[in-house]
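Read the numbers this way: they start at 1 and go in the same order the structure lists the ligands and their atoms.
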Amino acid sequence: MREHERLYLDGAWVPSEGSGAIEVVEAATEEVMGRVPAGVPADVDRAVAAARAAFPAWSQTSVAERTEVLSEVAAGINARIDELADLVSAEVGMPRAQTPLIQVALAMVDFSNTAAALAEHSAETVVGHSLVVREPVGVVGAIAPWNFPLHQVAAKVAPALATGCTVVLKPSEQAPLTAFVLFDILDGLLPPGVCNLVTGAGPAVGRALVAHPDVDMVSFTGSTPTGRQVAADAAPTVKRVALELGGKSANLILDDADLERAVTDGVGKCYLNAGQACQALTRMLVPSERLAEAEEIAVAAAAIYEPGDPFAPDTLMGPLVSSAQRSRVRDDILRATSEGARLLTGGVEAPEHLDRGYYVRPTVFSEVTSGMAVAREEIFGPVLALMAHDGDDHAVALANDSIYGLAGGVWSSDPDRALSVARRLRCGQVELNGAIFNPEAPFGGYRQSGNGRELGRAGLDEYLETKAIQR
Ligand code: NDP
């Protein structure tokens, strides 16, 4: 049980101005595993004031000083990798065999990659008679979701600190515990006020942070509906807004692809973190003449992801994060069936062998058409939609027929063909033939998947202003 009674403001652990607490529930046991303060807008005011006061000095620190801090944070995360992995598996439900690498090491790499990118980053260029300088944007309000709770925090805090910004972080109320470990690591490494932690509910603490006149930039990761609200709340103060939102990403399997490999890999990509990944490849586009074959492979592959205790060593898929999330996913499964999608495996019934925990069975639909909600809306659960295509042009048209544009996949035995199809997709990242994630490459979305980019050098640019000095 993790009991946190204090927020981290101005370099110290202090009580909230409010008196409420938020319970953190373990995904597999449905038991309370922790408590954090339910912050209030007055806490946000204190945090923002501290961040603003710290900005002049922190923004003037040298690149070497900030690089050193980032490297020390990375080392601090590495030293506590087991504790952090336990917390994420308990809060979110991702199998403990996966969290050290996929959740915690990724967060560590966010800090170390940012340190490396910062060392290479050029803050000044010359354009004719102008000196063009890049300067930190100021006080950053960082708001994170629950599905990769430490990584998504790191992907904001690392570049903000690296560029000389100061930060007020609001983690997700559903998975806030790793943020306390991170601030334990930051405590002592940073001057007071440079990085502040306010936990609490989005509509209270998140909104206060977004609307605050002394916050210069909001970096938000979360759902597209909340992202719209964030953009609207930020508009009166014309602050910079970076949005990393939802997706309904397509995996295009072309007619010359190795179908067995492509479908098997695609099922795994869809079910990573029980489907609670924004870049999950949830629409699988298959040549119509091979749909029956693909269905068979997908059902066999899905069977491997039988849900189980995230702390058992052989579990490949754990529970969803919460009861509310499970209800939403079940509703989406029912809706897909009522719209005429053909259920191949899975469904709304709970797995028989599990009497508690927010489990959903790995689910595959076929004969999905682009008008159905299962093809259009983000589900954020282990639900794969198979759709038939009649060639590359049709596959590209289906893939791009979405309000989202976060990620995509292309499978072909011809690398040039795969690349040329990838160039036609309206999304922020594409993997060819199952290529692995690159944490140094820019990450973000087109269209209603957001704006701006995180990670690596592109992540640094988000937090910089540009000034032209004519000489
Ligand atoms: P939400 O949009 O519900 O919440 C995200 C964060 O915003 C939480 O900290 C939440 O607080 C807070 N929040 C809620 N309402 C407001 C508000 N009005 N103003 C300010 N902040 C608010 O998303 P989830 O946490 O459910 O995360 C899942 C979503 O995140 C999915 O749609 C997924 O696709 C997206 N995502 C996008 C990624 C990307 O990089 N594109 C990466 C990962 C996830 P509270 O703690 O109360 O929930």
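Taking every heavy atom of T221 and a limit of under 4.0 angstrom, the matching atoms of ligand 1 come to 5 (C), 36 (N), 37 (C), 38 (C), 39 (C), 40 (O), 42 (C), 43 (C), 44 (C). Residue A201 has at least one heavy-atom neighbour below 4.0 Å for each of these atoms of ligand 1: 47 (O). Proximity to F220 (heavy-atom distance under 4.0 Å) selects the following atoms of ligand 1: 2 (O), 5 (C), 6 (C), 7 (O). Here is the list of ligand 1 atoms found below 4.0 Å of a heavy atom in F443: 39 (C), 40 (O). Near R207, meaning under 4.0 Å from one of its heavy atoms, ligand 1 places the atoms 17 (C), 18 (N), 19 (N), 20 (C). The contact set between ligand 1 and N147, taken as ligand atoms under 4.0 Å from a residue heavy atom, comprises 43 (C), 44 (C).
In terms of protein heavy atoms, atom 32 (O) of ligand 1 is closest to E378 OE1, 2.5 Å. Considering only non-hydrogen protein atoms, atom 27 (O) of ligand 1 sits nearest to P145 CB, 3.2 Å. The single protein non-hydrogen atom nearest to atom 12 (C) of ligand 1 is I143 CG2, 3.7 Å, given as residue, atom name and distance. The nearest heavy-atom contact from the protein to atom 23 (O) of ligand 1 is S223 N, 3.4 Å. Regarding atom 11 (O) of ligand 1, its nearest protein heavy-atom neighbour is K170 NZ, 3.1 Å. Protein heavy atom at the shortest distance from atom 26 (O) of ligand 1 is W146 NE1, 2.9 Å. Regarding atom 15 (N) of ligand 1, its nearest protein heavy-atom neighbour is T226 CG2, 3.3 Å.
For T363 (side chain) and G347 (main-chain N/O), a donor-acceptor pair under 3.5 Å exists by modelled atom type. Panel note: side chain R426, backbone L406; no donor-acceptor pair is recorded below 3.5 Å. With hydrogens and angles ignored, the 3.5 Å screen pairs a side-chain donor or acceptor of E91 with a backbone N or O of L177. With S449 contributing its side chain and L245 its backbone, the two residues share no donor-acceptor pair below 3.5 Å. The backbone N or O of L425 sits nowhere less than 3.5 Å from a side-chain atom of N400 that would complete a donor-acceptor pair. For the pair S16 (side chain) and G39 (backbone), a donor-acceptor distance under 3.5 Å is absent.
One option in A211, S322, A280, G206 has a heavy atom closer to atom 21 (N) of ligand 1 than any other, and that option is G206. Across E173, Q229, R228, heavy-atom proximity to atom 45 (P) of ligand 1 is greatest for E173. By heavy-atom distance, the residue among G246, G222, C278 lying nearest atom 35 (C) of ligand 1 is G222.
Heavy-atom separations between G445 and ligand 1 are all 4.0 Å or longer. Residue contacts with ligand 1 include P171, since one of its heavy atoms falls under 4.0 Å from the ligand. The closest approach between a heavy atom of S172 and any atom of ligand 1 is below 4.0 Å.
How far CG of L455 is from CZ of F443: 7.5 Å, rounded to the nearest 0.5 Å.
The environment of R424 atom CZ is dense: over 12 non-hydrogen atoms of other residues, nucleotides or ligands sit within 6.0 angstrom. Few gaps surround CD on E465; more than 12 heavy atoms of other groups in view lie less than 6.0 Å from it.
Where the criterion is an N or O separation shorter than 3.5 Å, residue side chain and backbone included, A144 meets it with respect to ligand 1. Residue T224 has no nitrogen or oxygen atom sitting less than 3.5 Å from a nitrogen or oxygen atom of ligand 1, judged on distance alone. At a 3.5 angstrom cut-off on N or O pairs, G202 counts as close to ligand 1.
The pair D401-K248 fails the salt-bridge criterion, with no side-chain N (NZ, NE, NH1 or NH2) lying under 4.0 Å from an Asp/Glu carboxylate O. Ion pairing between a basic and an acidic side chain is recognised when a charged N comes within 4.0 Å of a carboxylate O; D110 and K156 show no such pairing. Using a 4.0 Å cut-off between charged nitrogen and carboxylate oxygen, D86 and R96 count as a salt-bridge pair. Salt-bridge formation is not detected for the pair K239/D233: no Lys NZ or Arg NE/NH1/NH2 atom is positioned less than 4.0 Å from an Asp or Glu carboxylate oxygen.
Using a 4.0 Å cut-off between heavy atoms, A277 makes no contact with ligand 1 at all. Only the side chain of Q152 comes within contact range of ligand 1, with a heavy atom under 4.0 Å; no backbone atom does. Of the heavy atoms in E454, none comes closer than 4.0 Å to ligand 1. Residue contacts with ligand 1, taken as heavy atom pairs separated by less than 4.0 Å, involve F380 solely via side-chain atoms from C-beta onward. Of all the heavy atoms of L245, the ones lying under 4.0 Å from any atom of ligand 1 belong exclusively to the backbone. Contact annotation: for L406 versus ligand 1, heavy atoms closer than 4.0 Å belong to the side chain alone.
Looking at residues two or more places apart in sequence or on another chain, you find a side-chain contact (heavy atoms from CB on, under 4.5 Å) between A324 and S322, R328.
T199 has its side chain within reach of L7: a pair of non-hydrogen atoms, C-beta onward, lies under 4.5 Å apart.
For atom 7 (O) of ligand 1, the nearest protein heavy atom lies under 4.0 Å away.
N273 and Q98 form no side-chain donor-acceptor contact under 3.5 Å, judged by distance and modelled atom types alone.
Taking every heavy atom of both residues into account, N451 and A242 meet most closely at OD1-CA, 3.7 Å.
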